[in-house]
Amino acid sequence: CGADHYQRTGIAPDRLLGIPGEFQMVRCLECGVVYLNPQPTTDEILRYYPADYDAYAGARVDELSGLRRWSVAYGLHKRRRAVTRYVSSGRLLEVGCATGAFLDTMRAAGDWDVYGVDISEYAVNYAQDRLGLKVFLGQLAEAQFPAGYFDVVVMWDVLEHLPDPRAALSEVRRVLKDDGWFIFRVPNLDSWDARLFGAYWAGFDVPRHFTTFSVETVRHLLKLEGFRWHKAACISGTYPTFVLSVRFWARDHLSPLAQRWLVRVLNMLPLRLIVAPWCRMVDWLKKSSVITIYARKGTES
C-alpha cells in the first residue's frame, strides 16, 4: 500500500542456505503485508543466490536422475497446464526463469515463442548455452521489451523476491497485450503452515523473500496496478514446503541424528501417499503454503 507504519515481527537468519546475516521482518499496520525492513541492496542480495541455490540446481533437469527428475518434470507439467488451460499458444515471458526449465517445457509443448529474464549470470548462461533459450540477464525493466508484446507473463515463486513488487507489476502490465494473462505463484501468508511454524515457516525464506503476501494483499496489489482478478488456486508445493519448514524447526530443537531420521521418514514414499488426501484437502481450501494467482490485464468493468 506504500504506507510506512509497521510493527516488527522478528529477526531471522538465512535458514535455507545458512549464509551469515540476520534480517528484520515487519508487518504493515495498514495492509498487513509482511516484508524485510531494511532490504538488502542489490549487491548484498546476490551472495544469497549461489550457483547451488535450489531454484537453479533443481532446474537443471537434464542433470537429475531417478525420482528427483520425475518430481521436477511433474511440477513443470503442472505449471504448463496452469497456462495452457487458458492460452494454447503465443508469446510467453517468464520473469525469474532461473536455468530455463519451464521455458524449455513450454517450447516443447506447442506453438510458443518463449523469453526469459533472470538476475543470475550462472543461470542465464545455462539457459542460453545448454538450452538455446532467449534469456535476458538483469531486471525486467532493463530488458526493455516492447509494449503489448506478450500474451502471457508468468512468475513462479518470484514476486516475493523483488524489492518493489508494484514497479514490477507495472512493467508486467506494460509488456502484456490487452487482456493478456499474468499467472504467478507466491508463498501464502494465509496458509496453515504459516500459522503452525511461525518464524520457521519456509515461506519467509529471508533474505531472498523481500515480501510475503496474503491472498487479500495480492488482490489489492493487482487492482492497484491495473489487473483484474480471475482466481487463486493451490496446485503444487504443499508437502515439500511442509517438509522444509519441519527441517528449519528441527535444526533448533533436535539433535543432528534425530534430524536425519526425521527427514528420512518424511521423504519416504509410503508416508507421502498416506498424507496425499490431506494435502489435496489443504489445496482445495486454499490453505497451502504456496498459491497460484490468475489475473488479466485490465480493470474490472
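Predicted, not measured: the structure shown is a model, and the values here were computed from it.
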### Message
Restricting to salt bridge (charged side-chain N to carboxylate O under 4.0 Å, His left out), what partner residues turn up for Arg166, sequence neighbours left out?
### Response
Glu225

### Pairwise side-chain contact, Val218 with Leu222, heavy-atom cut-off 4.5 Å (strictly under)
yes

### Query
How many angstroms lie between atom CZ of Phe210 and atom CG of Asp164, to the nearest 0.5 angstrom?
11.0 Å

## Note on the structure
In this structure, CG of Leu169 is separated from CG of Leu224 (nearest 0.5 Å) by 10.0 Å

### Single hit among Asp179, Asp178, Asp151 for salt bridge (Lys or Arg N to Asp or Glu O under 4.0 Å) with Lys297
Asp178

### Task
Check Trp156 against Ala82 and note the closest heavy-atom contact, atom names and distance.
CH2-CB, 4.1 Å

#### Entry: Shared hydrophobic cluster for Val215 and Leu285 (ILVMFWY, side-chain gaps under 4.5 Å)
no

### Task
Please check if the side chain of His5 supplies one atom and the backbone of Glu30 the other of a donor-acceptor pair under 3.5 Å.
no

### Query
When rounded to the nearest 0.5 angstrom, what distance separates CG in Leu266 from CZ in Arg247?
10.0 Å

### Message
Using side-chain heavy atoms (C-beta onward) and a distance below 4.5 Å, is Thr212 in contact with Glu160?
### Response
no

### Task
Test Phe150 against every option in Trp181, Phe182, Tyr115 by the ring pair (Phe, Tyr, Trp, His ring centres under 6.0 Å) rule and name the one that passes.
Tyr115

### Task
Report yes if some heavy atom in the side chain of Val83 is under 4.5 Å from a heavy atom in the side chain of Met106; otherwise report no.
yes

### Query
With no hydrogens and no angle check, is any side-chain donor or acceptor of Asp118 less than 3.5 Å from a backbone partner on Val124?
no

### Task
Verify, without hydrogens or angle tests, whether Asp14 (side chain) and Gly21 (backbone) share a donor-acceptor contact under 3.5 angstrom.
no

### Query
Which distance, rounded to the nearest 0.5 Å, do you find between the OG of Ser289 and the CZ of Phe197?
8.0 Å

### Task
Please check if the side chain of Arg91 supplies one atom and the backbone of Tyr149 the other of a donor-acceptor pair under 3.5 Å.
yes

### Residue pair Val172 / Met155, side-chain heavy-atom distance below 4.5 Å
yes

### Query
Within the side chain of Thr9, is there an N or O that forms a donor-acceptor pair under 3.5 Å with the backbone of Met25?
yes

### Query
Does one hydrophobic cluster hold both Leu196 and Leu189, with members joined at side-chain heavy-atom distances below 4.5 Å?
yes

### Non-hydrogen atoms of Leu254 and Ala258 that approach each other most closely
CB-CB, 4.0 Å

### Task
Would you kindly confirm whether Leu29 and Val26 end up in one hydrophobic cluster when ILVMFWY residues are joined by side chain heavy atoms under 4.5 Å apart?
no

### Task
Could you check if a side-chain atom of Phe248 sits within less than 4.5 angstrom of a side-chain atom of Phe204, using non-hydrogen atoms only?
no

### Message
How close do Ala168 and Leu162 get, counting heavy atoms only, and between which atoms?
### Response
CB-CD1, 3.5 Å

### Message
Donor-acceptor check, side chain of Arg107 to backbone of Val114, threshold 3.5 angstrom: yes or no?
### Response
no

### Query
So Leu16 and Leu244, side-chain contact (heavy atoms from CB on, under 4.5 Å) or not? Walk me through it.
CA-CA 9 Å; Leu16 181 66; Leu244 190 56; 4.1 Å; yes

### Message
Between Glu121 and Leu137 (side chain of the first, backbone of the second, donor and acceptor by atom type, cut-off under 3.5 Å), is there such a pair?
### Response
no

### Task
Any chance you could lay out the side-chain contact (heavy atoms from CB on, under 4.5 Å) test for Arg296 and Tyr86, step after step, and finish with the verdict?
CA-CA 11 Å; Arg296 305 190 77 169; Tyr86 295 109; over 6 Å; no

### Query
Counting only N and O atoms by type, is there a donor-acceptor contact under 3.5 Å from the side chain of Lys78 to the main-chain atoms of Ile235?
yes

### Task
Mind listing the closest non-hydrogen atom pair of Ser288 and Asp283 along with its distance?
CB-OD1, 3.4 Å

### Salt bridge present between Glu216 and Arg219 (N-O < 4.0 angstrom)
no

### Message
Between Asp193 and Ser245, is there a side-chain donor-acceptor contact under 3.5 Å, judged purely by atom types and distance?
### Response
no

### Message
Please tell me whether Val265 and Leu257 are part of a single hydrophobic cluster in this structure, the criterion being side-chain heavy atoms less than 4.5 Å apart.
### Response
no

### Query
Could you state the interatomic distance from CZ (Arg185) to OH (Tyr294), rounded to the nearest 0.5 Å?
10.5 Å

### Task
State, with a plain yes or no, whether a side-chain heavy atom of Asp252 is found less than 4.5 Å away from one of Arg15.
yes

### Query
Any side-chain heavy atom of Thr217 sitting closer than 4.5 Å to one from Val34?
no

### Query
What distance do Ile293 atom CD1 and Ile183 atom CD1 have between them, rounded to the nearest 0.5 Å?
11.0 Å

### Query
How far apart are the C-alpha atoms of Asp104 and Leu76, what are their side-chain angles, what is the distance that settles it, and do they pass the side-chain contact (heavy atoms from CB on, under 4.5 Å) test?
CA-CA 10 Å; Asp104 192 45; Leu76 291 171; over 6 Å; no

### Task
Would you name the heavy atoms of His209 and Pro187 that are closest together and state the gap between them?
CE1-CG, 3.7 Å

### Query
With distance as the sole criterion, is a donor-acceptor pair present between the side chains of Arg79 and Thr105 under 3.5 Å?
no

### Query
Can you check whether Phe184 and Phe213 have ring centres sitting under 6.0 Å from each other?
no

### Query
Would you say Arg195 has more than 12 foreign heavy atoms packed within less than 6.0 Å of its CZ?
no

### Student check: side-chain heavy atoms of Ser236 and His77 closer than 4.5 Å
no

#### Entry: Path from Val290 to Tyr200 over hydrophobic side-chain contacts below 4.5 Å
no

### Query
Do you know the tightest heavy-atom contact between Ser214 and Asp190?
CB-OD1, 3.4 Å

### Residues, nucleotides or ligands: over 12 heavy atoms within 6.0 Å of Glu142 CD
yes

### Query
For Cys279 and Tyr239, what are the C-alpha separation, side-chain angles and deciding distance, and is it a side-chain contact (heavy atoms from CB on, under 4.5 Å)?
CA-CA 7 Å; Cys279 291; Tyr239 190 73; 4.0 Å; yes

